[in-house]
Amino acid sequence: MELTAPIFASSHDHITPLILAFGGSLVAGYGLATADGFAAQLEHRLSAACPGARVINAGVGGDATADALRRLPRVLSRLEGRPDLAIVQLGPNDVLR
């Protein structure tokens, strides 16, 4: 899959998107080395098209949707800026409960 920068709006010559990856253990990378998790892999793949792109891993293993909704305000308040994109993955832990 080819990744290209035009999905990120910017008036600057150098696009450096901030992406929030938010969810449960699949986002957190439960059981994986940090470099093998979703956020790190996405950041690595984006680096060719968008040098400086950052993907923040806000995944927490075991989180159900209600848990994630409770922590979302805290996660957003700790970000350095407003994300250009948020990827949200929730649901598997709701099924297991």
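Keep in mind that what you see is a predicted model, and the values were worked out from it rather than measured.
The two residues Ala68 and Phe22 come nearest to each other via the heavy atoms O-CZ, 3.2 Å. For the pair Leu90 and Ala64, the tightest heavy-atom approach, listed with the atom from each and the gap, is CD2-O, 4.4 Å. Counting all heavy atoms, side chain and backbone alike, Gly52 lies closest to Thr16 at O-CB, 4.0 Å. For the pair Ala58 and Val75, the tightest heavy-atom approach, listed with the atom from each and the gap, is CB-CG1, 3.9 Å.
Every residue two or more places apart in sequence or in another chain that forms a side chain to side chain donor-acceptor pair (under 3.5 Å) with Arg70 is listed here: Asp67. The side chain to side chain contact (heavy atoms under 4.5 Å, CB included) check on Leu69 picks up Thr65, with sequence neighbours excluded. Ser47 pairs by the side chain to side chain donor-acceptor pair (under 3.5 Å) definition with nothing, not counting sequence neighbours.
Rounding to the nearest 0.5 Å gives a distance of 10.0 Å between CD of Glu43 and CG of Asn57. Atom CD1 in Ile19 sits 5.0 Å away from atom CG in Leu42 (nearest 0.5 Å). A distance of 6.0 Å separates CG of Leu20 from CG of Leu79, quoted to the nearest 0.5 Å. Taking CG of Leu18 as the start and CG of Leu85 as the end, the distance is 9.5 Å to the nearest 0.5 Å.
Legend: salt bridge (charged side-chain N to carboxylate O under 4.0 Å, His left out) pairs involving residues 50-63, not counting sequence neighbours, sorted by first then second residue: Arg54-Glu80, Asp63-Arg71.
Val88 and Ile56 fall within the same hydrophobic cluster, defined by Ile, Leu, Val, Met, Phe, Trp and Tyr side-chain heavy atoms under 4.5 Å apart, directly or through other members.
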Donor-acceptor list for residues 25-37 side chains, cut-off 3.5 Å, not counting sequence neighbours:
none

